[in-house]
Amino acid sequence: MPPYPRLNKIYAGFILGAGLTAAAVAGYSALFNAEDEQTAWLVGGMAGLILLGACLLVRSAARLRLTDEGVSRGNLTLRWDAITGVALIGAGIQLSDGRHKLTLAPWAYQEPEAVRAFIQANLPPSRQPA
């Protein structure tokens with residue numbers, strides 16, 4: 001496995017497509033169905049936030065890096081030997097070093113089982129998830 005997992009393009013496309021669709025519906029509603037200007041601005045703002053949220057979700061997944069030293073996303077890095085907590089949240093994995101938490105979704109990557117296996121292989125034996 002490379003030092004970073006490759007993003008699942010179907011996942012990214014679905015999230016961005018759903019965000020764009022929701023933003024388009026909200027934008028259409030703001031333009032043509034709003035009864036007053038304030039409602040139009042509110043719904044239009046919500047459309048922008050929906051699209052921004054979808055883009056940030058995909059960007060966050062794309063920035064994950066798994067190496068032999070640790071796991072990182074952006075400026076946050078958790079060393080494998082410093083991880084004190086592992087929790088399974090739905091289909092996601094949350095890693096914690098006591099001060100910081102990093103949550104990742106293995107299914108957002110092309111090889112989710114390889115991501116899970118890499119994490120499990122690098123965690124100290126006392127920190128293995130149940």
Side-chain angles (χ1 to χ4, degrees):
M1 187 167 121
Y4 56 90
R6 289 191 307 264
L7 191 63
N8 182 343
K9 290 177 178 54
I10 294 171
Y11 162 82
F14 177 79
I15 295 296
L16 292 174
L20 185 60
T21 301
V25 168
Y28 177 84
S29 178
L31 287 174
F32 299 108
N33 296 329
E35 294 181 15
D36 59 21
E37 189 175 340
Q38 288 178 330
T39 303
W41 280 105
L42 179 66
V43 175
M46 287 176 26
L49 289 176
I50 290 168
L51 190 55
L52 178 65
C55 292
L56 290 176
L57 186 63
V58 171
R59 180 178 179 258
S60 174
R63 293 178 66 195
L64 181 77
R65 299 291 179 255
L66 297 172
T67 64
D68 291 330
E69 289 80 36
V71 58
S72 64
R73 181 181 292 134
N75 293 331
L76 176 61
T77 300
L78 301 178
R79 295 186 52 78
W80 295 117
D81 57 0
I83 293 176
T84 58
V86 179
L88 300 177
I89 300 174
I93 301 170
Q94 185 178 68
L95 305 172
S96 170
D97 68 357
R99 291 184 2 203
H100 302 98
K101 292 181 182 178
L102 194 142
T103 303
L104 59 117
W107 39 266
Y109 304 100
Q110 287 182 5
E111 300 171 0
E113 291 304 321
V115 171
R116 285 188 195 97
F118 187 85
I119 291 169
Q120 194 161 18
N122 283 287
L123 287 173
S126 63
R127 302 293 182 227
Q128 296 291 331

Nearest heavy atoms of [X] and [Y], plus distance in Å:
{"X": "Ile93", "Y": "Pro106", "value": "CD1-CG, 3.8 Å"}
{"X": "Ser72", "Y": "Thr77", "value": "CB-OG1, 3.3 Å"}
{"X": "Phe118", "Y": "Asn122", "value": "O-ND2, 2.8 Å"}
{"X": "Arg63", "Y": "Asn75", "value": "NH2-N, 4.3 Å"}

Using the rule that two of Ile, Leu, Val, Met, Phe, Trp, Tyr join whenever any of their side-chain heavy atoms come within less than 4.5 Å, decide whether [X] and [Y] are in one cluster.
{"X": "Trp107", "Y": "Ile89", "value": "no"}
{"X": "Leu123", "Y": "Leu76", "value": "yes"}
{"X": "Tyr11", "Y": "Leu20", "value": "no"}

- Query: Is the shortest heavy-atom distance from the side chain of Ser96 to the side chain of Ile83 under 4.5 Å?
  - Reply: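 No. Closest side-chain heavy atoms not under 4.5 Å.
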
- Would Ile119 and Trp80 count as a side-chain contact (heavy atoms from CB on, under 4.5 Å) if you check the C-alpha gap in whole Å, the side-chain angles of each, and the deciding distance to 0.1 Å? CA-CA 9 Å; Ile119 291 169; Trp80 295 117; 4.0 Å; yes

Kindly compute the distance separating [atom1] ([X]) from [atom2] ([Y]), expressed to the nearest 0.5 Å.
{"X": "Leu78", "Y": "Leu102", "atom1": "CG", "atom2": "CG", "answer": "5.5 Å"}
{"X": "Leu7", "Y": "Leu64", "atom1": "CG", "atom2": "CG", "answer": "10.0 Å"}
{"X": "Arg6", "Y": "Tyr109", "atom1": "CZ", "atom2": "OH", "answer": "13.0 Å"}

- Task: Report the hydrophobic cluster partners of Tyr28, with the cluster defined as I, L, V, M, F, W, Y residues connected by side-chain heavy atoms closer than 4.5 angstrom, directly or transitively.
- Result: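 Under the 4.5 Å side-chain rule, Tyr28 groups with Leu31, Phe32.
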
- Message: More than 12 heavy atoms of other residues, nucleotides or ligands under 6.0 Å from CD1 of Ile10: yes or no?
- Response: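 At most 12 heavy atoms, drawn from other residues, nucleotides or ligands, come within 6.0 Å of this atom.
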
Under 3.5 Å, which donor-acceptor pairs link side chains of residues 40-62 to any protein atom two or more places apart or in another chain?
{"unit_1": "Trp41", "atom_1": "NE1", "unit_2": "Glu37", "atom_2": "OE2", "d": "3.4"}
{"unit_1": "Ser60", "atom_1": "OG", "unit_2": "Arg73", "atom_2": "NE", "d": "3.2"}

- Task: May I ask you to decide if Gly17's main-chain N or O and Thr21's side chain share a donor-acceptor pair within less than 3.5 Å?
- Result: yes

- Message: With a 4.0 Å cut-off on N to O distance, would you call Arg99 and Asp97 a salt bridge?
- Response: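 Result for this pair is no, no salt bridge flagged.
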
- Message: According to side-chain hydrogen bond (donor to acceptor under 3.5 Å, both in side chains), who are the partners of Thr103, at least two apart in sequence or on a separate chain?
- Response: Gln94

